[in-house]
Undergrad: 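Dumping the structure here so I can ask a few things about it.
Fair warning: this is a prediction, and the values are worked out from it, not measured in the lab. Just so you know, ligand 1 is whichever comes first in the structure, and atom 1 is the first atom listed for that ligand. In what follows, every heavy atom counts, from backbone to side chain, and hydrogens, waters and symmetry copies are set aside.
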Amino acid sequence: MSDILNVEEIFASKVFTLGKMKERLPKNVYKELKRIMDQGGELSLATADVVAKAMKDWAVENGATHFTHWFQPLTGITAEKHDAFVTHPDAEGRMLLEFSGKELIKGEPDASSFPSGGIRATFEARGYTVWDITSPAFLKEDATGVILCIPTAFCSYKGEALDKKTPLLRSMEAVSHQALRIVRLFGDNTAKKVTPSVGAEQEYFLIDRQKYLQRDDLIFTGRTLFGVPGPKGQEMDDHYFGTIRERVGSYMKDLNVELWKLGVTAKTQHNEVAPAQHELAPIYETANIAVDHNQLVMETMKKVAGRHGMTCLLHEKPFEGVNGSGKHDNWSLTTDTGVNMLDPGDTPNANIQFLLVLACIMKAVDTHADLLRQSASDVGNDHRLGADEAPPAIISMFLGEQLEDVVRQLVETGEADHSIQGGKLETGVSTLPDFVKDATDRNRTSPFAFTGNKFEFRMVGSSDSVADPNTTLNAIVAEAFCEAADILEKSDDFEMAVHDLIKEYMTKYRRIIFNGNGYSEEWVAEAERRGLPNIKSMVEASCALTTEKSIRLFEKFGIFTEAELRSREEILYETYTKTINIEAKTMATMARKQILPAVMKCTKTLADTVIAVREAGADASVQAETLIDISAKLAEAKNALVALEEKTAGISAIQGGKEKAFYCKDEVFTAMAALREPVDALETMVDSAAWPIPTYAELIFEV
Ligand code: ADP
Ligand code: MG
């Protein structure tokens with residue numbers, strides 16, 4: 001029975017969990033640590049020494065040779081620098097492994113090569129990593145051996161955040177503080193903390209590694225820059241929730257085991273809409289841990305794919321013509337006494353605290369729609385947002401029938417005296433049970449949907465960190481709570497004041513609610529009429545970070561300084577420019593060195609055929625026409641290639657980060673599309689045996 005998987009046993013086997021700390025630490029040390037985890041505060045060096053030793057002993061028992069401060073710089077992925085536990089051998093040449101409290105708490109990697117957006121000149125290279133005590137340390141095991149990873153935040157010498165973790169932690173404190181003011185108003189004097197919970201559903205593609213290696217576009221950019229959708233795509237809806245293929249199934253099994261060992265609660269797995277597309281969802285957890293875990297999910301997905309002869313693509317749009325990949329960010333707020341502030345209960349019309357929370361979230365989302373849109377932007381997501389399968393680029397909120405009706409009652413009459421109930425679901429089959437339905441159906445096209453006791457932010461890209469969207473959500477909701485609490489704490493008649501405030505907010509911000517089809521043309525027009533922003537691209541979204549409104553918000557709650565925001569905007573422009581530059585160069589190289597030569601060979605073969613057929617006295621008109629058509633497209637492709645190379649060369653002449661990024665979007669990106677068109681046409685015209693790279697059909701149907 002050795003191949004029975006004992007999930008209870010392997011779960012978190014590579015994590016230095018609270019349980020292990022409790023077991024291995026002296027009582028008072030454990031207590032101090034736990035208090036700081038729950039309530040904040042500073043760890044004394046003496047305590048840190050004790051924790052470090054216990055952590056090292058556990059790691060070494062499990063084969064670790066090195067430790068690393070694991071952090072999340074603004075590249076959007078994680079970074080690590082390994083240090084062995086080795087020290088000076090003693091006089092007799094013996095090695096004693098060591099790890100001090102100081103090494104646990106603080107690291108000092110050379111920060112000069114991480115993006116800082118001008119916050120720090122290269123000569124001011126100092127950066128510090130600081131232990132995030134609330135996220136557990138874990139062991140990473142690969143060809144390098146076993147490494148003890150300590151989740152950390154990453155800051156500059158002057159304390160500016162250089163990572164995605166620091167602002168997230170700051171935003172969690174802000175929303176906790178403001179949410180407590182709200183629950184206090186409703187008489188809760190016991191809660192000490194409110195925690196944002198996050199569940200990030202992760203979509204991904206799996207393709208054969210040998211085919212992947214034959215395409216430079218996939219290798220260098222993570223997406224196909226050329227390619228014609230095959231005769232079959234996703235139109236039969238036969239992949240979604242379909243039976244999982246053997247090869248993919250064995251990958252999923254392996255992936256789950258790896259994730260469980262790391263303490264990630266991998267829960268749901270299924271085939272997604274596009275062929276070769278799949279999804280994994282863990283169970284929700286505290287926001288910063290969910291962010292760390294999502295990074296581990298992405299990293300493990302890639303690593304495990306290699307073992308199965310496959311490559312995992314996390315790009316938002318690896319293939320034209322079929323769905324791209326996103327990451328649904330499920331978000332809610334729970335008190336440490338166990339109350340989910342987003343749970344409406346059975347009769348939301350009577351749940352005043354919930355209605356106030358909802359009104360505040362409506363206000364937050366409407367006021368900062370541009371910031372939310374920005375927080376879900378990355379270069380790959382530009383292909384997705386606003387296209388058919390993904391949420392539109394316009395932020396709106398879906399509440400569902402029941403809540404929308406409550407909002408309507410409140411706005412129109414000032415009172416909400418009932419909530420629509422779900423009723424019975426009758427299947428019409430006597431042997432199937434009837435049951436009480438949810439009060440609300442689902443909506444799949446909304447970017448920000450209320451789903452029972454949480455909001456699901458569906459705009460986030462599949463390759464992106466979920467740190468930014470959650471930092472933004474926490475911040476904007478903290479602001480709305482704060483403004484409501486400022487008013488309500490001063491009121492003489494709380495009942496009256498809260499009633500009026502809910503009505504006021506719901507009336508004022510009702511325009512953000514939309515329950516219809518977010519993919520339709522009519523919605524675009526309707527949203528414009530309502531004055532909702534429709535920000536089409538990442539570069540256009542970036543300036544949302546540094547509006548007066550945004551600076552005021554983030555500075556007020558100590559989440560970002562103006563300088564940090566400016567540097568982040570700058571980094572976004574740089575990232576965009578660099579990415580488009582790489583894509584453009586990859587495209588040009590593939591066209592010049594692979595595709596055009598292959599097509600030229602075809603034309604030579606065709607020309608020889610025309611001559612030979614004519615000499616033989618037969619009709620060569622089909623061959624000749626084909627040759628003419630292909631040659632014409634070839635010429636088009638050549639011209640488009642030259643144009644793209646010129647535009648790409650032009651990037652360096654443009655001054656200013658923002659200007660460069662806009663140039664890339666307007667000029668280079670357009671030139672890329674102009675090259676793709678004739679090349680894709682050629683793919684449909686020439687002999688398939690002559691096409692130099694694997695086709696879409698081969699990539700996504702033959703996994
Ligand atoms: P789907 O939207 O695909 O039907 P599920 O209902 O399974 O998905 O939930 C998706 C994600 O939402 C999961 O990661 C789940 O753990 C998470 N989730 C469920 N409840 C909450 C909550 N209260 N707060 C945050 N995330 C939640
Ligand atoms: Mg979902």
Undergrad: For Asp468 and Thr471, which I'm curious about, is there any donor-acceptor pair between the side chains at under 3.5 Å?
TA: no
Undergrad: Give the single entry among Ala281, Ala290, Pro282 that approaches atom 14 (O) of ligand 1 most closely by any heavy atom.
TA: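 Nearest heavy atom to atom 14 (O) of ligand 1 lies in Pro282.
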Undergrad: Please say whether Trp331 places an N or O atom under 3.5 Å from an N or O atom belonging to ligand 1.
TA: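 No - when backbone and side-chain N and O of Trp331 are compared with those of ligand 1, no distance drops under 3.5 Å.
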Undergrad: Should Ser332 be counted as touching ligand 1, given the test is an N or O pair under 3.5 Å?
TA: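 It does: an N or O of Ser332 is found under 3.5 Å from an N or O of ligand 1.
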Undergrad: Look at Lys303 together with Glu258 and state whether they make a salt bridge at an N to O cut-off of under 4.0 Å.
TA: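 Answer for the salt bridge query: no.
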Undergrad: Any idea which atoms of ligand 1 are less than 4.0 Å away from a heavy-atom of Gly199?
TA: 14 (O), 26 (N)
Undergrad: Using a 4.0 Å heavy-atom cut-off, say whether Lys267 meets ligand 1 through its side chain, its backbone, both or neither.
TA: neither
Undergrad: In terms of side-chain heavy atoms, does Gln72 have a donor or acceptor partner in Asp292 at a distance below 3.5 Å?
TA: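 Side chains of Gln72 and Asp292: pair found under 3.5 Å.
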Undergrad: Out of all atoms in ligand 1, which are within 4.0 Å of some heavy atom of Ile283? Include the element for each.
TA: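 Those atoms are 16 (O).
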Undergrad: What is the minimum heavy-atom distance between Asp366 and Ile512, and which atoms define it?
TA: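 The pair with the smallest heavy-atom distance is OD1-CD1, 3.7 Å.
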Undergrad: Does any donor atom in the side chain of Asn474 or Trp331 lie under 3.5 Å from an acceptor atom in the other side chain?
TA: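 Per modelled atom types, Asn474 and Trp331 side chains form a pair under 3.5 Å.
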Undergrad: Tell me whether Thr268 has any N or O atom under 3.5 angstrom from an N or O of ligand 1.
TA: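 Min N/O separation from ligand 1 is not below 3.5 Å for Thr268.
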Undergrad: Going by heavy-atom distance to atom 9 (O) of ligand 1, choose the closest among Gln202, Lys454, His270.
TA: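 Result: the heavy atom closest to atom 9 (O) of ligand 1 is in Lys454.
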Undergrad: Suppose I only count heavy atoms of Ser197 and a 4.0 Å limit; which atoms of ligand 1 are within that range?
TA: 25 (C)
Undergrad: In a check of side-chain hydrogen bond (donor to acceptor under 3.5 Å, both in side chains) between Ser325 and each of His315, Glu316, His278, Gln277, which one passes?
TA: Gln277
Undergrad: May I ask you to list the atoms of ligand 1 that are less than 4.0 angstrom from any heavy atom of Asn340?
TA: 23 (N)
Undergrad: Check Arg373 with Asp370, please: is the shortest side-chain N to carboxylate O separation under 4.0 Å?
TA: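 No, Asp370 and Arg373 are not salt-bridged.
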Undergrad: Side chain, backbone, both or neither: which part of Thr334 comes within less than 4.0 Å of ligand 1 when only heavy atoms are counted?
TA: neither
Undergrad: I need the contact type for Glu456 against ligand 1. Using non-hydrogen atoms and a strict under-4.0 Å cut-off, is it side chain, backbone, both or neither?
TA: side chain
Undergrad: May I ask you to say whether Lys261 pairs ionically with Glu141, meaning some side-chain N is under 4.0 Å from a carboxylate O?
TA: no
